[in-house]
Structures are given as C-alpha cells and as structure tokens.
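The shown structure was predicted, so the numbers you read here are calculated from the model rather than taken from an experiment. The first residue in the sequence is number 1, and the count goes up from there.
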Amino acid sequence: MKFDTKTLSSLISDQKIVLIGENHGVIENPQFVQSFVSELINTKKIKFVGFEYPKFIYEDFLNAAADNKFERIENLEVTKMLEKDGRFSKEHFKLLVYLHERSIPFTFFDSGRGTWDDRDLSMYENITEKMQGNGDSEIAVVIAGNIHTTLRELVLNNKTYKPLGTYFDPKKILLIELKYHSGAFFNFERRTFENTPMPKFQVEKINENTIFFHLKNVRATK
C-alpha cells in the first residue's frame, strides 16, 4: 500500500508531539509509521518515537532490534500478550529495526499502572519526562490505540474517562487518526472492518489539531 505521507508531513508546523491513533492489530500500522517517519526526518529532528508497550521490556526489545534478531523476544510472555491484543507483530519489529538502524530513538511508555485513568495519566507522565530538554525543532511521534489518543474526554457506561490525548497542550499537539475503510484486524481475535467509501484523498485535515489518514484495505497481524 502507498501512503501519502509527503502531504501529511507538509501539514506539520510548530507542534511538539504528533499522536498517531490506531486500531491495534493491523499490518499497515507500522508500515505507515515507517513511511511517515522517513518523510518527517527531512524537515524535523525526531526526539523519539514512542510505543504503547510496557516500559520494563524496553532493553530486551532494543537489544533484539539492534541485532535484528526477532527470535530473542518472540517466545517471551509479554511478546505473546502484545501479539494477542494486536499492539505488536513481526511488522512492528521491522519498524524498531528500521528506527535503530537510522539512529532514531524509540521508547516504550506504558507502565500498566492501576485503573484506566491512572494508566493514561502515567503514559502521559512517561512521555513528557522523555520530552524534557526538547529543542525548538524537535518533535516526538507517539503511537497508541485510538481510544487513548482522542483529544476529548470519553463517557462509557455513564462514567467519564480522561484519555492520554486530553492531557497535552492543544497548541503543541497534532493527532493523526488512522481510518480504515475495509479489511481486517486482530485484537484477541480476528475481526473485520465495515466496508465504507474511501475518500478521494488519503489525507483529510479536520481542524488545527486533527488529521484523518484514510486506509482503503488493511490486513490483520494474525
């Protein structure tokens, strides 16, 4: 699949953080991120690329990526857990290798702490800690499930939740929300997306803080 990330990158101006909201379990997700990063580095210095993975596995995954040895981590219980909910796959590992080979730092920011709200707050804290000392021209790319990256509070079962995206300064953030128009994904089981019309252009600017990036037909990670 081709990604119009050149047009997408041209819409980024003074933002310090780009949030990418995804539906877990899609092969094209890490492929899109790689294409986006490869365009972004032409105009921006990337502080880091952040993933919604547990912090405690960072060193193991970093070392595996440095040596391009997926087999070092494929049988870890945490790897199997991440594959089950769709956050990780061999395609995601290829992205980590790509980043390491180009000296683009990556980090993991999920602490798995407490309740839903506690977890999202801790993810925000971990990301902002990594942003310390950020230069004027540096930008962070942060990938998470779209329920976490949304920029508004959510009401589920009559309870209000404060997602990760709501903690950031709106003047410093841009949300790229991936929109899937057909195909499949894997999140504990294989599921399909409802077939919906594909817009003429992949990139759709909604407002100053939000861009939709449309994907026509995607594949499940399992």
Side-chain angles (χ1 to χ4, degrees), residues 1-5 19-38 49-101 104 106-112 116 119-120 123 141-150 154 156 163-165 175-196 198 202 212-222:
M1 180 183 293
K2 292 183 178 180
F3 305 102
D4 185 13
T5 48
L19 283 179
I20 298 177
E22 66 170 28
N23 199 117
H24 295 324
V26 172
I27 286 177
E28 282 74 15
N29 288 346
Q31 295 175 348
F32 162 79
V33 173
Q34 180 171 322
S35 177
F36 175 60
V37 167
S38 69
V49 178
F51 295 87
E52 190 191 343
Y53 303 156
K55 290 177 63 178
F56 74 88
I57 63 172
Y58 173 75
E59 291 296 333
D60 287 337
F61 278 51
L62 173 63
N63 292 333
D67 295 330
N68 196 6
K69 297 288 187 182
F70 179 74
E71 59 268 24
R72 288 189 180 178
I73 58 171
E74 66 176 328
N75 292 318
L76 298 177
E77 286 301 316
V78 67
T79 301
K80 295 176 182 178
M81 180 270 291
L82 292 171
E83 289 177 331
K84 284 181 180 179
D85 68 18
R87 279 183 281 173
F88 188 69
S89 67
K90 286 187 177 179
E91 287 298 320
H92 291 84
F93 182 73
K94 290 178 184 178
L95 173 58
L96 298 183
V97 172
Y98 169 86
L99 295 172
H100 187 272
E101 287 178 345
I104 301 171
F106 62 83
T107 189
F108 300 168
F109 56 81
D110 186 3
S111 64
W116 200 92
R119 179 177 174 232
D120 275 50
M123 290 197 292
V141 178
V142 175
I143 306 124
N146 49 30
I147 197 169
H148 301 291
T149 57
T150 183
L154 298 175
L156 301 172
L164 165 67
L175 169 62
I176 300 171
E177 189 170 332
L178 301 183
K179 294 293 187 180
Y180 311 92
H181 292 273
S182 63
F185 65 101
F186 190 91
N187 186 259
F188 294 102
E189 63 180 0
R190 185 182 175 88
R191 311 179 196 182
T192 57
F193 290 107
E194 179 184 357
N195 289 338
T196 54
M198 179 72 181
Q202 278 190 315
F212 288 171
F213 194 91
H214 298 277
L215 300 173
K216 185 175 181 180
N217 187 34
V218 297
R219 297 162 293 166
T221 50
K222 295 180 69 173

Would you say that [X] contacts [Y] through its side chain, given a criterion of any heavy-atom pair below 4.5 Å between the two side chains?
X    : Y    : result
E177 : T149 : no
W116 : H148 : yes
D60  : R72  : no
L215 : F3   : yes
F188 : D85  : yes
Y180 : N29  : yes

Taking everything shown except K69 itself, do over 12 heavy atoms lie less than 6.0 Å from its NZ?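 Not buried by this count: 12 neighbours or fewer within 6.0 Å.
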Atom CD of residue position E194 - does it have more than 12 heavy atoms of other residues, nucleotides or ligands inside 6.0 Å?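 Open: at most 12 neighbouring heavy atoms sit under 6.0 Å from CD of E194.
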Which word best sums up how the rings of F61 and Y53 line up, parallel for under 30°, tilted for 30 to 60°, or perpendicular for over 60°?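 Tilted.
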Measure up the F93 and F88 rings against each other and bin them: parallel (under 30°), tilted (30 to 60°), perpendicular (over 60°).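 Correct class here is perpendicular.
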Mark yes or no for whether T79, through its side chain, and I73, through its backbone, hold a donor-acceptor pair below 3.5 Å.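 Flag set: sc T79 to bb I73 pair under 3.5 Å.
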Minimum heavy-atom separation for R119 to E52, with atom names?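 That closest heavy-atom pairing would be NH2-OE2, 2.7 Å.
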